[in-house]
Structure formats: C-alpha cells, structure tokens
Amino acid sequence: MTEKLEDIAAAMVAPGKGILAADESSGTIKKRFDKIALASTEDSRRDYREMLFRSTEAMKSYVSGVILYDETIRQKAKDGTTLVDILRAAGSIPGIKVDTGAKPLAGPTSTIETITEGLDGLRERLTEYYELGARFAKWRAVITIADGLPTWNCVKANAHALARYAALCQEARIVPIVEPEVLMDGEHAKHDIDECYRVTEWTLRTVFRELYDARVSLEGMVLKPNMVIAGQRAPKQASAAEVAEKTLKCLKATVPSSVPGIAFLSGGQSDEAATEHLSLMNAAGGLPWALTFSYGRALQAAALTAWGGKPENVAAGQRAFTHRARMNGLAALGKWEAKLEKAA
Ligand code: 13P
C-alpha cells in the first residue's frame, strides 16, 4: 500500500467507492443493538462487524475504507485473523476514530452545545494506530441548530480542535477526515434548509480558516460534511433536488478545489434519501472534488435488521449490506436510479 497522504486520500474517494463508518462507540452500538434486542458484548460487536467486513463483493467493489473504533482495530475474527487483515485482504483501507466524544461546552449554552475532546495524548495514540494499520482517521465536531444557536464560541472552538487534530494526523502520516457535522435533528421550528445552509457555510468557512492557520495540507485530507437539508422536525421539508442544489452551492462557496474529496455523513436521512441526494449531486457534474459517502446508519441499518444477531442470518445481512453499498457506489458515480431499489 502506498504511504503518501495524497495517494491515500485519493484512494479513499476513488470513483464509485466510498467509506463505511463502523466506528460507533460502545454507547452508540448498544443503542443500535437494542433495536434488534441483542446484548452488546465484545463478541456480539465483533460478530456484527466481521459479518460486514467479510461481505467480500461490497468491500472489494464499493468500500474504499472503513472507520473503526478503538476496540475493533484490535479485534480478531472468530478464526483468529485480525479484522484489519480482513479489510486489507479486500483492498479496503483501515481507518480509526480518534476523538473521544462530544462533551458539554462549558458556558451558558452547555446544556445544548458541545466541544469534541481527544487532543491530549493524540500524538502518541496516532503513532500506535499507525502501527496497528490505520492510514486515515476521523474526528467529528457537532454543531447544533437551535434558537439563537450555534454560538460563535462553539463554531470556533470546534473548528480549532479539528485543525489541531488534522495537523497531528498529517504529522503521523495519517489522512484526517475532517468532520464538522451540523446536526439535522433537534426541535427548532425555524430549522429549514436555508438555516442549515447559513450555519453550514459559516462552519465550513471557519474550519478552512483554522486548517489554513494550522498549515494543514488540503491535498492530504478528506472533508466529511453534512448535506444542506431541513431539520428532521422542521415543518417545511426540502425536495431532493433542492437538497442537492443547495448542498453543492454551499460546498462550492467554501471548500477549496485542492481538497481531493468530500465524503458525506448520512446524519439520520433515510437510506434511500442519502443515496438519492448523493447521486443527484454527482449527476450534476462539473465538480472540483470527488463526492462520495462515508455513511454509518444509511449503510448499516438494513444489514443490522436482516442479521438480527443470528448466525443463520449472516448471509441475509451481507446481502442487505452489499445492496446498500452498491446503490451508494452507483450514487458516487451519479448513476443511481430508484428502480434499482425495487429490482432488488
Ligand atoms: P451517519 O452516516 O450515521 O451519520 O454516521 C456517519 C458518521 O461517521 C458520524 O460521525
């Protein structure tokens, strides 16, 4: 495997491929397993992820890289092979979540706003993760839209942490996925698509200014943003065409063309909406960067349900996962069509 940051970043966003986010923290994966009434144990988490990573067709054809959690990057499959080796054998790049979570941001908005932690000791952790096989990393900052929010303090502090993280990654020869997520959930009635546009533009501008100050090489990173979309509970929802149009407008206004690729998070969109939006944007064409997926829920939800925690359902889980991976691979080329969902 090549070791130059630019080459790794280019491979992460190769045509028709995207990233599987499988880096759910122990708390988050428990919530996902609760839905299928499965106890979250080291073994059940391993079995679930082993099922996904052994979906050979999906991994080889559509998944350029996988974001792992600290536990997972150290885990072995039932037969003793490390999960990292399973990914490598399928030609998929192992990545690692390195932030330690979004914590209340001290101050007057601490019941809502968060700052992502994990910078202390990060240099040493990155060295270890590199040795364990990670060639890219992820850090997720969370920005919440609410009445009068976000504050500049929250946007600025999170952008600054992202830049410090990204600089440490590049020093360690690891490609940083820079993820500033403007959440689509929340109760705010005025959280329509235009409010999301305003906050996303503000956030991305701030992030790129901080990346510049920290001398982060834009050629050696991948941006993982939210799409510009109405809040989940906003009375006025936007059409798929409007989401695609406003997301592209916002990204073109804020993301330098030296960034090789943008890999969206799904953020609570339905599986098909996340796929359709991505496909519409790629079909529009003329983009200065590769545009693909780095989905967690929108790639895994169907597979998790089909598997249901039962060994006899591994093949069904893998079929469901492979289908979503293929649909999103097509979307990364702008070639997804609704009728392909029905055919499957
Ligand atoms: P979702 O696609 O479920 O939003 O997860 C992606 C991710 O990695 C969030 O940090």
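All ligand and atom numbering here is 1-based and tracks the order in the structure. Everything numeric here is computed off the predicted structure, so don't read it as measured data.
For the pair S266 and ligand 1, the shortest N or O to N or O distance falls below 3.5 Å. Every N/O-N/O distance between S294 and ligand 1 stays at or above 3.5 Å. Here's the thing with G267: one of its N/O atoms is less than 3.5 angstrom from an N/O atom of ligand 1.
The protein atom (non-hydrogen) at minimum distance from atom 5 (O) of ligand 1 is G296 N, 3.6 Å. For atom 9 (C) of ligand 1, the closest non-hydrogen atom of the protein is E179 OE2, 3.2 Å.
Atom-to-atom distance recorded for W139:CH2 and T116:OG1 is 6.5 Å, nearest 0.5 angstrom. For the atom pair R45 CZ and R49 CZ, the distance stands at 7.5 Å (nearest 0.5 Å). In this structure, Q269 CD and M227 CE are separated by 4.5 Å, a value rounded to the nearest 0.5 Å.
Side chain of S258 to main chain of L218: no donor-acceptor pair is present (N/O by atom type, distance under 3.5 Å, no hydrogens or angles). The backbone N or O of L52 sits less than 3.5 Å from a side-chain atom of S55, completing a donor-acceptor pair.
Contact annotation for R140 and ligand 1: only side-chain heavy atoms (C-beta onward) come within less than 4.0 Å of the ligand. Only the side chain of A21 comes within 4.0 Å of ligand 1, judged by heavy-atom distances.
Judged by the 6.0 Å distance and 45° axis criteria, R297 is not positioned over the aromatic ring of Y295.
Ligand-side atoms of ligand 1 in range of K138: 7 (C), 8 (O), 9 (C), 10 (O), range being under 4.0 angstrom from any heavy atom. Less than 4.0 angstrom separates some heavy atom of K224 from each of these atoms of ligand 1: 6 (C), 7 (C), 8 (O). When each atom of ligand 1 is checked for a heavy atom of Y295 under 4.0 Å away, the hits are 2 (O).
Inspection of the T200 and T203 side chains reveals no N or O donor paired with an N or O acceptor under 3.5 Å.
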